[in-house]
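Everything on this sheet refers to the single structure shown next.
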Amino acid sequence: MSGMDVHRRLLSAATAAVLTVTVHGATAPAALASEPWAGGAPGTVGKILWELDDSGRLGVCSGAVVDAPGGSVVATAAHCVSAPDRPEPPAEVWFVPAYDHGLATYREDGWRVLSFHTPAAWQPQEGGDIAELLPHDYAFLTVERKAGRTLQQTHGAHTLAFAPVPADRDVAVLGYPAAAPYDGESLRSCSGPTQVLDGPDAPPVNAGGLLLEDCDLTEGTSGGPWLQGYDPATGTGTVVAVMSAGTGTGTVVGRPFPAEAEDLLAAAVAATADRAG
């Protein structure tokens with residue numbers, strides 16, 4: 001597939017193939033293309049869950065703990081917080097570190113989300129086109145303390161890198177795919193070299209994103225970290241982007257954190273300090 005073809009396919013598929021909310025419960029067949037994360041899920045990566053409606057259906061995304069003052073910040077995708085079909089954040093959201101077949105106990109195992117922080121340009125309108133928002137598809141969540149300890153004290157944290165992203169190293173993409181052929185119950189990953197989507201061939205919806213081919217991660221991995229320099233001994237690396245969109249045919253896009261995201265992170269840290277005080 002040529003670079004031009006990739007850009008066109010991602011643009012045409014952006015609205016339909018955003019890796020977003022899914023109904024939990026798909027059954028995974030025997031043959032899967034992505035890999036289970038070696039060594040089990042680290043506590044620095046987790047699953048984000050919330051109730052979609054009174055029927056008990058769950059929305060799911062993925063996220064990662066990032067190093068920040070206050071120790072309570074999770075990086076994810078903005079469309080995990082709000083989207084044209086649900087312009088307001090969910091009432092009750094949980095981040096479950098190292099989730100592994102824990103649906104029955106996700107509230108007990110999880111850390112309740114206390115605040116949501118999306119870019120000023122992320123303004124989903126009911127019935128609007130999410131494709132226009134994808135250049136701003138990054139967000140921070142803050143979570144509660146448990147037994148007097150922060151999330152970072154308990155599980156550690158990744159370093160967060162702001163754009164431009166180093167281009168000389170492979171990336172590992174982690175998340176909890178919940179649409180077929182996966183079931184959302186375990187952490188899976190893809191890895192390989194990425195390229196930055198820029199230049200005249202990149203449509204605005206994809207400009208500045210990171211491209212990874214040969215990756216079949218599905219809905220549920222939204223917001224999952226794109227990591228460079230992962231250290232298995234500590235369960236940490238550097239988050240250079242979060243999962244944003246895909247074609248549905250093995251090509252995915254990560255959204256890096258631009259320089260202006262530093263102010264958004266500062267707002268999340270301030271919210272943490274306010275609650276701690």
Side-chain angles (χ1 to χ4, degrees), residues 42-50 61-82 88-99 109-124 133 135-166 174-175 208 222-231 234-244 254-277:
T44 50
V45 178
K47 189 170 180 176
I48 300 168
L49 300 99
W50 66 95
C61 273
S62 303
V65 188
V66 292
D67 181 37
S72 300
V73 178
V74 173
T76 190
H79 76 261
C80 293
V81 176
S82 58
E88 297 299 323
E92 192 172 274
V93 182
W94 301 84
F95 174 74
V96 186
Y99 181 97
D109 299 336
W111 298 62
R112 186 170 180 175
V113 174
L114 300 180
S115 66
F116 307 88
H117 303 269
T118 56
W122 186 268
Q123 296 289 337
L133 302 175
H136 316 286
D137 194 16
Y138 57 88
F140 298 112
L141 314 178
T142 67
V143 301
E144 65 183 346
R145 291 180 178 232
K146 298 183 75 170
R149 292 177 61 82
T150 68
L151 179 62
Q152 185 168 336
Q153 286 173 330
T154 305
H155 292 288
H158 300 282
T159 300
L160 178 65
F162 296 91
V165 174
L174 281 68
S222 283
W226 290 44
L227 296 174
Q228 289 183 343
Y230 181 79
D231 181 357
T234 63
T236 63
T238 299
V239 176
V240 297
V242 291
M243 181 72 90
S244 177
R255 181 57 53 184
F257 290 84
E260 54 265 32
E262 294 188 51
D263 290 338
L264 192 66
L265 178 60
V269 170
T272 299
D274 289 345
R275 291 183 181 275

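The first residue of the sequence shown is numbered 1, and numbering continues consecutively from there. Note that the coordinates shown come from a computational prediction; the quantities given were computed from them, not determined experimentally.
Residues Pro90 and Val81 come closest through the heavy atom pair CD-O, 3.5 Å. Listed here is the closest heavy atom pair of Pro119 and Ala78: CD-CB, 4.5 Å. Closest approach of Val96 to Gly110, counting heavy atoms only: CG2-CA, 3.9 Å. Counting all heavy atoms, side chain and backbone alike, Ala121 lies closest to Leu133 at O-CD2, 3.8 Å. When all heavy atoms of Ser244 and Asp137 are compared, the closest pair comes out as OG-OD2, 2.7 Å.
Among residues two or more places apart in sequence or in another chain, the side chain to side chain contact (heavy atoms under 4.5 Å, CB included) test is passed with Gln123 by Gln125. For Arg112, the salt bridge (charged side-chain N to carboxylate O under 4.0 Å, His left out) test picks out Glu92, with sequence neighbours left out.
Side chains of Leu227 and Val239 form a contact here, defined as non-hydrogen atoms less than 4.5 Å apart. Under the 4.5 Å side-chain criterion, counting only non-hydrogen atoms from C-beta, Tyr99 is not in contact with Trp94. Side-chain contact between Leu160 and Phe257 is present, with heavy atoms from C-beta onward closer than 4.5 Å. Between Pro256 and Trp226 the shortest side-chain heavy-atom distance does not fall below 4.5 Å. Residues Phe95 and Thr76 form no side-chain contact, since every pair of their non-hydrogen atoms from C-beta on lies 4.5 Å or further apart. You'll find the side chain of Pro42 reaches within 4.5 Å of the side chain of Tyr230, heavy atoms only.
For Ser115 and Thr142, the side-chain atoms include at least one donor-acceptor pair closer than 3.5 Å.
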For the pair Thr44 and Thr236, evaluate side chain to side chain donor-acceptor pair (under 3.5 Å) and give the outcome as yes or no after the intermediate values. CA-CA 7 Å; Thr44 50; Thr236 63; over 6 Å; no
Would you sort out whether Val73 and His117 count as a side chain to side chain contact (heavy atoms under 4.5 Å, CB included), showing the intermediate values? CA-CA 10 Å; Val73 178; His117 303 269; over 6 Å; no
Please lay out, stage by stage, how Val113 and Trp50 fare under the test side chain to side chain contact (heavy atoms under 4.5 Å, CB included). CA-CA 10 Å; Val113 174; Trp50 66 95; over 6 Å; no
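Atom NZ in Lys146 sits 14.0 Å away from atom CD in Gln153 (nearest 0.5 Å). To the nearest 0.5 Å, atoms CZ (Arg145) and CD (Gln152) are separated by 11.0 Å.
Looking at Trp111, its side chain never comes within 3.5 Å of a backbone N or O of Ser72 through a donor-acceptor pair. Remark: the backbone N or O of Val66 is not paired with any side-chain donor or acceptor of His158 at under 3.5 angstrom. Judged by distance alone, with hydrogens and angles left aside, the side-chain atoms of Ser62 form no donor-acceptor pair with the main-chain N or O of Pro225 at under 3.5 Å.
Between Phe162 and Tyr138, the distance separating the two ring centers is not shorter than 6.0 angstrom.
Of the residues listed (Leu151, Thr272, Val93), the one engaging Val143 in a side chain to side chain contact (heavy atoms under 4.5 Å, CB included) is Leu151, and it is the only one.
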